[in-house]
Asks: 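I'd like to ask you about the structure that follows.
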Amino acid sequence: MIILMKNVILAGVCIKDDAKVFQMKMDECIALCNACQLNVVETITQSANSMNTISAFRKGKLDELRILVEELDVDFVVFYNSLSVQMAERISAVAGCNVIDRTALILDIFSSRARSRQAKLQTEMARLQYDLPRLLNSDNDRERERGGGVTNRGSGEMRSAIVARKYQKRIQDLKKELKKIESQRQMDERRRSKTLLRRVALVGYTNAGKSSFMNCLIQNTEASGNEVFEKDMLFATLDTSVRKIVYDKKTFFLYDTVGFVSDLPHTLVEAFKSTLDAARDADLLVEIVDVSDDDYETKMEVTENTLREIGAGEIPVLRIFNKVDLLKDTSRLEGICVSAKNGDHMDRAMKEILKMLYPSEESMYCLLPYGKIYMFDEYRQVLQIDVVKQDEEGMTLYLQGPSDYIHAFDLYQIREGQL
Ligand SMILES: Nc1nc2c(ncn2[C@@H]2O[C@H](COP(=O)(O)OP(=O)(O)OP(=O)(O)O)[C@@H](O)[C@H]2O)c(=O)[nH]1
Ligand SMILES: [Mg+2]
């Protein structure tokens, strides 16, 4: 299949960012364009203390953009910054071609990559919410062109207003359907939480290697379920996957989540909030960092901010530097360094995960009456339990494991001398 690339100009206003960070964001935007089959033939930028609310660029820069569009004969202009409907239309009127912003790019990528029903519906809803004000605005423009206005409304309804109503209806339907999926997910979660197993969520910037990390553990530990999708592209994962991992006799749930990106559009944060519940509900977040990326420190900041934004800012984080196989020298890195690709140092990473998940361990003897025998089954997954003896009083057990689980048996504790 031949995919025709369209030529575009990438434009951006640098507000407050320092030049290095802004360059990283623009480079990333070029990668987003490429993911949408758009070829960036030129970039044009302006620094400003705040965004010009009328046309993003000031007059001189806008003229420069118009000349570039004419000279390079591009299909349209992509703006890094979020544009209001009115701003996009004003820029488009001057530049003489269509103008879209980065949110539209991300929405396009999400639409083409969504696989699960939930991701598809969430993406469709975000798209409709993004398109709706644009549609209504074009309505107003046509009204203006016809010399009409509020007083002229009775003259008949315009097509776009009818379409807008359809959009609104569809948004309502999608919300209902997503709610149903969400309550099913919550039921699954409740079932999972009953098992007492802790939850670990992999989080981090898109393309850092979260899914590869999960697959490496699936291959090298006792794990339930198949490998997850991993690929060298932005937003390879749009759905949360969960696998039960057993390592060193300890079992926990591991969640793979959607990757973050700088200035993630608010519509998308909202739309994917429930997908990100896995991170919000986790006992531990494992942040995967692509340390071979020159901008990894900035991306770590983005991850930190996004976690705060989705309400996961208080959960303990274990940071793991990934892709060390691509580095010549790792001596300056302080922390856990792994390669999810070839499995280097994954044992160390697992030990650290377990250490954070179960900070203190204890042991205890107890005499569990038969009436409480269900506790034996319930806690077997999270504690090491040896049966010392069984008699008419109950089961004498030796328990070893995380303190909080051990304390659930306090009532039945016996001293070694009572054995
Ligand atoms: N060289 C090297 N490449 C890696 C390593 N880990 C992952 N990769 C590659 O990095 C790319 C992205 O990996 P993924 O696991 O899909 O990344 P992700 O964080 O899940 O990305 P999103 O789902 O988009 O958020 C793939 O091409 C992987 O093969 C590693 O340790 N070393
Ligand atoms: Mg992934």
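Just the heavy atoms: all of them, side chains too, but no hydrogens, waters or symmetry mates, feed the values below. Just follow the structure's listing: the first ligand is 1, and inside any ligand the first atom is 1.
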Asks: Report the member of Ser212, Cys216, Gly204 with the shortest heavy-atom distance to atom 14 (P) of ligand 1.
Replies: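 Nearest heavy atom to atom 14 (P) of ligand 1 lies in Ser212.
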
Asks: Which option out of Met346, Glu230, Lys231, Lys210 puts a heavy atom nearest to atom 19 (O) of ligand 1?
Replies: Lys210

Asks: Of the choices Met233, Lys323, Arg113, Lys341, which has the non-hydrogen atom that lies closest to atom 8 (N) of ligand 1?
Replies: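 Nearest heavy atom to atom 8 (N) of ligand 1 lies in Lys323.
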
Asks: Non-hydrogen atoms of Met214 versus ligand 1: any pair closer than 4.0 Å?
Replies: no

Asks: Under 6.0 Å from the ring centre and within 45 degrees of the ring axis: does the NZ or CZ of Arg380 meet both conditions for the six-membered ring of Tyr374?
Replies: no

Asks: To which protein heavy atom is atom 11 (C) of ligand 1 closest, and what is the distance rounded to 0.1 Å?
Replies: Asn207 OD1, 3.7 Å

Asks: Using a cut-off of 2.8 Å, how many protein N, O or S atoms lie below it in distance from the Mg ion (ligand 2)?
Replies: 2

Asks: Are Phe213 and Val338 close enough, and set up right, to give a side chain to side chain contact (heavy atoms under 4.5 Å, CB included), and what steps lead you there?
Replies: CA-CA 9 Å; Phe213 188 89; Val338 303; 4.3 Å; yes

Asks: Would you check if the side chain of Arg102 reaches a backbone N or O of Asp263 as a donor-acceptor pair within less than 3.5 Å?
Replies: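 Side chain of Arg102 to backbone of Asp263, a donor-acceptor pair under 3.5 Å: yes, one is there.
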
Asks: Can we call the ring centroids of Tyr247 and Phe252 under 6.0 Å apart?
Replies: no

Asks: Considering non-hydrogen atoms of the protein only, which is the closest contact for atom 6 (N) of ligand 1, and what is the distance?
Replies: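 Looking only at protein heavy atoms, the one closest to atom 6 (N) of ligand 1 is Asn322 ND2, 3.1 Å.
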
Asks: Identify the protein heavy atom lying closest to atom 1 (N) of ligand 1, giving its residue, its atom name and the separation to 0.1 Å.
Replies: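 For this ligand atom, the closest protein heavy atom is Asp325 OD2, 2.9 Å.
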
